[in-house]
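Sequence positions, counted from 1, serve as the residue numbers for this chain. None of the values given here were measured: they were computed from a predicted structure.
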Amino acid sequence: LISNLNFPRFSLNPLPTFLLFFCLTANLLSFPGNIIGSGIFISPKGVLEHAGSVGLALIIWVLGGGVAALGSLCYAELGVTIPKSGGDYSYVTEIFGGLAGFLLLWSAVLIMYPTSLAVIALTFSNYVLQPVFPNCIPPYNASRILSMVCLLLLTWVNSSSVRWATRIQDIFTAGKLLALALIIIVGFIQIFKGNYKELTPSNAFNFWMTPSVGHLALAFLQGSFAFSGWNFLNYVTEELVDPRRNLPRAIFISIPLVTFVYTFTNIAYFTAMSPQELLSSNAVAVTFGEKLLGYFSWVMPVSVALSTFGGINGYLFTSSRLCFSGAREGHLPSLLAMIHVKHCTPIPALLVCCTATLVIMLVGDTYTLINYVSFINYLCYGVTIIGLIVLRCKKPKIFRPIKVNLLIPITYLAFWAFLLIFSLYSEPIVCGVGLIIILTGVPVFFLGVYWRNKPKSVNRLIESMTCWGQKLCFVVYPQGAVAAEEEAPSAPLARSRQPASETDTRK
């Protein structure tokens, strides 16, 4: 980990070397923490419902980790070949041009981030309300109102202070780790006691329904929501130390670890619940705690609520990065890249994400929204990995610090095609709506981005709306970012998006 850092020899005494090793290891091990999110408390029910048996559901969880590993390796090559922060958006824009990049950005701003936020917020409200309504599903209105209050509160926090937002993230991340550790440990104790009836082969593969190919595709979509985040490091490639070495290491450490945690969490569930009990539960971890933890069952809903609360905060915190990258490329209004004069927070971007989430929260249930966002996520992943093959053909001699075997992207794309085709066949309305929303970005691109010579009246209208937005939110474009763009248009996002100081912004 430290052999290529080229520090002066006199500084490499044992203590600094140990501290350096510790810091790099901590950064690598933080990657699993970014993948492990609220999805593991939501998706088990959806996976089991479409799989039709306990055994097949567990196989889908393991295969989901394998597919995420294949995708991560492809993204590792792209990340070091095109060393730009911004992940999928930066790669697609570089390889396929502005329209493809804009459509991916359009889908992320209107679908991916808001829908993921809606799912996590609804999960938060379900786990908070389930102990209050132990014998029934929490009322629809109560669940939506609590979700909206949570979202609005965290939007206000992220708009008020970057420090508060990061502290909330650090504190509430412990919630999901506590819940998962408790579930897995109790599950192992159950197995040692001999309580694994549902896991024996005869019961595990006792199908209560025969799953079709479409059902399998939907089961994978449900599971993939829990694995979303495996491409997280590609959004901060420019900030990594020696990405050629550390990016593959992060993948090889994190994906197997996350797969282990998810699989054994599901195994633990089945040591306490039958498949029918799990499917009838609105909050799986709460039901698990009520069955096995006795007086300490309150720990489970509290831990999951903390986890989902931190998950909402994390999505709000990171959505501004993508908006900034899009505004820098000229694909989004410049207002979305502006920050508050005093607090240096991206208020316009946060308000757009919050508004879109509130709308989506009102139009679908949790598991329909998961199918919706997972389909769009996989569509974008596949287009990005197709870009890897296209880049190999267009620029075969470009320097690639990491170069994966072509069988890896081909295998991933074969699975990708299967998943999208049969998901669209099984859920034509849900998936079709997502495709239509993406395609609405085409006229928006040509009118807003490609059409340069707009009439003066249109430009004046845009300028007045931007000025009105600045006055309303009290925001300005970061001075440091403007200078960086003028000096070097391809300057790294990580440096260009540094918040301006209070003195700079007031200038």
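Under the rule for a ring pair (Phe, Tyr, Trp, His ring centres under 6.0 Å), the partners of Phe260 that lie at least two apart in sequence or sit in another chain are Phe264.
Side-chain atoms of Leu73 and Phe252, non-hydrogen and from C-beta on, do get closer than 4.5 Å to each other. A 4.5 Å side-chain heavy-atom check between Val430 and Phe375 finds every atom pair outside the cut-off. Using a 4.5 Å cut-off on side-chain heavy atoms (C-beta onward), Asn266 and Val47 make no contact. Contact annotation: the side chain of Val261 approaches that of Ile184 to within less than 4.5 Å [non-hydrogen atoms, C-beta and beyond]. Between His215 and Met209, some side-chain heavy-atom pair lies under the 4.5 Å cut-off. For the pair Ser423 and Asn371, the minimum side-chain heavy-atom distance is 4.5 Å or more. In this structure, the side chains of Leu199 and Thr271 come closer than 4.5 Å at one or more pairs of heavy atoms. At a threshold of 4.5 Å between non-hydrogen side-chain atoms, the residues Leu182 and Ser303 do not count as touching.
Just one residue in the list Ile183, Thr265, Leu278, Leu293 forms a side-chain contact (heavy atoms from CB on, under 4.5 Å) with Phe288, and that residue is Ile183. Residue Thr155 is tested with Thr355, Leu316, Thr357 for a side-chain contact (heavy atoms from CB on, under 4.5 Å); the sole match is Leu316.
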**Prompt:** Which is it for Asn203 and Val54 under the side-chain contact (heavy atoms from CB on, under 4.5 Å) test, yes or no, and what are the steps along the way?
**Reply:** CA-CA 8 Å; Asn203 290 325; Val54 172; over 6 Å; no
**Test log, rule side-chain contact (heavy atoms from CB on, under 4.5 Å), inputs Val304 and Val286** = CA-CA 9 Å; Val304 178; Val286 171; over 6 Å; no
**Message:** Could you go through Glu277 and Thr287, starting from their C-alpha distance and side-chain angles, then the distance that decides it, and tell me whether this counts as side-chain contact (heavy atoms from CB on, under 4.5 Å)?
**Reply:** CA-CA 9 Å; Glu277 287 175 319; Thr287 305; 5.6 Å; no
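Atoms CD1 and CG, from Ile376 and Leu221 in turn, are 10.5 Å apart once rounded to the nearest 0.5 Å. Here Ile111 contributes atom CD1 and Tyr372 contributes atom OH; the two are 4.0 Å apart, rounded to the nearest 0.5 Å. Taken from CH2 in Trp298 to CE in Met300, the straight-line distance is 11.0 Å, to the nearest 0.5 Å. Atom CE of Met148 sits about 15.0 Å away from atom CG of Leu153, to the nearest 0.5 Å. Within the model, atoms CG of Leu351 and SG of Cys473 stand 5.0 Å from one another, a figure rounded to the nearest 0.5 Å. The structure places OG of Ser228 at 5.5 Å from OH of Tyr381, a figure rounded to the nearest 0.5 Å.
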Pair up each side-chain donor or acceptor in residues 119-128 with any protein partner under 3.5 Å, not counting sequence neighbours, and list the distances.
residue : atom : partner : partner atom : Å
Thr123  : OG1  : Val119  : O            : 2.8
Ser125  : OG   : Leu122  : O            : 2.8
Ser125  : OG   : Ser143  : O            : 3.3
Ser125  : OG   : Ser143  : OG           : 2.9
Ser125  : OG   : Ser147  : OG           : 3.0
Asn126  : ND2  : Leu122  : O            : 3.3
Tyr127  : OH   : Phe41   : O            : 3.0
Tyr127  : OH   : Val284  : N            : 3.3
Tyr127  : OH   : Ala285  : N            : 3.2

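Summarising the local packing, CZ of Phe415 is surrounded by more than 12 heavy atoms from other residues, nucleotides or ligands at distances under 6.0 Å. For Phe296, the CZ atom is loosely surrounded, since the number of other residues' heavy atoms within 6.0 Å does not exceed 12. Applying the 6.0 Å contact sphere to CG of Leu152 captures more than 12 heavy atoms from other residues, nucleotides or ligands.
For Phe220 and Tyr378, the distance between ring centers is not under 6.0 angstrom.
Side-chain contact check for Trp106 and Thr440: at least one donor-acceptor pair (N or O, by modelled atom type) lies under 3.5 Å.
Tyr425 and Phe422 have perpendicular rings, their planes meeting at more than 60° on a 0 to 90° scale where under 30° would count as parallel.
Checking side-chain atoms of Arg144 against main-chain N and O of Met361 turns up a donor-acceptor pair under 3.5 Å.
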